[in-house]
Amino acid sequence: MPRLSPDVTRSLVAVVLMVLGAVILIGLVFQGRGALTDWILHVIAPWFGSGRWLLPLILIGLGVWLERAGGVRAGWPRTLIGSAVAYVAALALIALLADAGVLDGRSGGDIGRWLGTFVSGLVSSLGAFV
């Protein structure tokens with residue numbers, strides 16, 4: 001099987017990110033209108049909480065950045081990993097603020113709650129926020 005060039009690999013990852021982001025966005029906007037939208041509502045929503053609305057925007061934005069940005073993108077895997085880490089940290093911040101009563105009715109989902117609790121156990125809640 002022939003190896004794919006780095007540009008083709010980057011383009012394929014970009015397309016997958018954009019399609020995944022679009023599907024999640026459609027599933028979140030049109031809730032309860034089909035099996036896929038129900039699955040997104042019951043799987044994505046508990047894991048990501050209120051941060052689920054950022055997920056498709058981030059995925060689409062990263063896909064567009066990968067596909068459209070000119071020049072050599074040798075470090076694009078690090079950018080994707082860094083974006084994932086920043087997103088998970090944002091979920092933890094949302095969970096910490098929700099636990100403190102600042103964000104009524106919001107949550108960071110299971111991921112944010114787990115990370116916020118884990119870091120709060122290592123340091124204080126204020127330290128985890130910082």
Side-chain angles (χ1 to χ4, degrees):
M1 185 167 166
R3 294 188 59 111
L4 297 175
S5 73
D7 289 336
V8 171
T9 303
R10 188 188 78 228
S11 291
L12 287 173
V13 170
V15 169
V16 167
L17 288 173
M18 287 186 285
V19 168
L20 186 61
V23 167
I24 292 172
L25 183 63
I26 290 168
L28 290 174
V29 171
F30 299 111
Q31 296 176 2
R33 297 200 179 164
L36 181 62
T37 58
D38 287 341
W39 182 83
I40 289 172
L41 181 64
H42 292 101
V43 173
I44 299 290
W47 280 88
F48 297 100
S50 299
R52 70 184 177 265
W53 294 100
L54 288 174
L55 181 62
L57 302 176
I58 291 171
L59 290 173
I60 292 169
L62 284 171
V64 169
W65 176 78
L66 275 176
E67 187 61 36
R68 298 290 181 194
V72 178
R73 293 281 171 213
W76 64 267
R78 285 188 300 265
T79 302
L80 294 181
I81 292 169
S83 298
V85 168
Y87 177 68
V88 170
L91 291 177
L93 286 176
I94 292 170
L96 288 170
L97 290 173
D99 287 345
V102 176
L103 300 175
D104 292 329
R106 304 285 188 258
S107 76
D110 293 339
I111 294 171
R113 188 177 321 106
W114 177 83
L115 183 61
T117 304
F118 176 74
V119 176
S120 292
L122 297 176
V123 293
S124 66
S125 294
L126 181 61
F129 181 78
V130 171

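Note that this is a predicted model, so its numbers are computed, not measured. Numbers for residues simply follow the sequence, beginning at 1.
For the salt bridge (charged side-chain N to carboxylate O under 4.0 Å, His left out) condition, the pairs that include at least one residue of residues 108-120, sequence neighbours left out, are D110-R113.
Rounded to the nearest 0.5 Å, atoms CG (L36) and CD1 (I26) are 9.0 Å apart. One finds the CG atom of L25 at 14.5 Å from the CE atom of M18 (value rounded to the nearest 0.5 Å). Interatomic distance, CG of L62 versus CD of E67, reported as 13.0 Å (0.5 Å rounding). Here the straight-line distance linking atom CG of L115 with atom CD1 of I94 works out to 12.0 Å at 0.5 Å rounding. In this structure, I24 CD1 and L57 CG are separated by 10.5 Å, a value rounded to the nearest 0.5 Å. Here I58 contributes atom CD1 and L17 contributes atom CG; the two are 11.5 Å apart, rounded to the nearest 0.5 Å.
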Using side chain to side chain contact (heavy atoms under 4.5 Å, CB included), reason through L91 and W47 one step at a time and then give a plain yes or no. CA-CA 10 Å; L91 291 177; W47 280 88; over 6 Å; no
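Heavy-atom minimum distance, G21 versus P56: O-CB, 3.2 Å. Closest approach of G63 and A14 over heavy atoms only: O-CB, 3.4 Å. Heavy atoms only, all atoms of each residue included: A92 and G116 are closest at CB-N, 4.1 Å.
Within a 6.0 Å sphere centred on CH2 of W53, heavy atoms belonging to other residues, nucleotides or ligands number more than 12.
F118 is linked by a ring pair (Phe, Tyr, Trp, His ring centres under 6.0 Å) to W114, counting only residues two or more places apart in sequence or in another chain. Partners of R52 under the side-chain contact (heavy atoms from CB on, under 4.5 Å) rule, at least two apart in sequence or in another chain, are L28, I44, A45, F48. Evaluation of the side-chain contact (heavy atoms from CB on, under 4.5 Å) rule for V19 yields V15, V23 as partners, not counting sequence neighbours.
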Show the atom names and distances, to 0.1 Å, of all donor-acceptor pairs under 3.5 Å that link a side chain in residues 79-88 to residues at least two apart or in another chain.
| unit_1 | atom_1 | unit_2 | atom_2 | d |
| --- | --- | --- | --- | --- |
| T79 | OG1 | G75 | O | 3.4 |
| S83 | OG | T79 | O | 2.8 |
| Y87 | OH | G51 | O | 2.6 |

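L55 and V16 fall into different hydrophobic clusters, where Ile, Leu, Val, Met, Phe, Trp and Tyr side chains are chained together by heavy-atom contacts under 4.5 Å.
Applying side chain to side chain contact (heavy atoms under 4.5 Å, CB included) to W39 and the options L41, V43, T37 leaves one that passes, V43.
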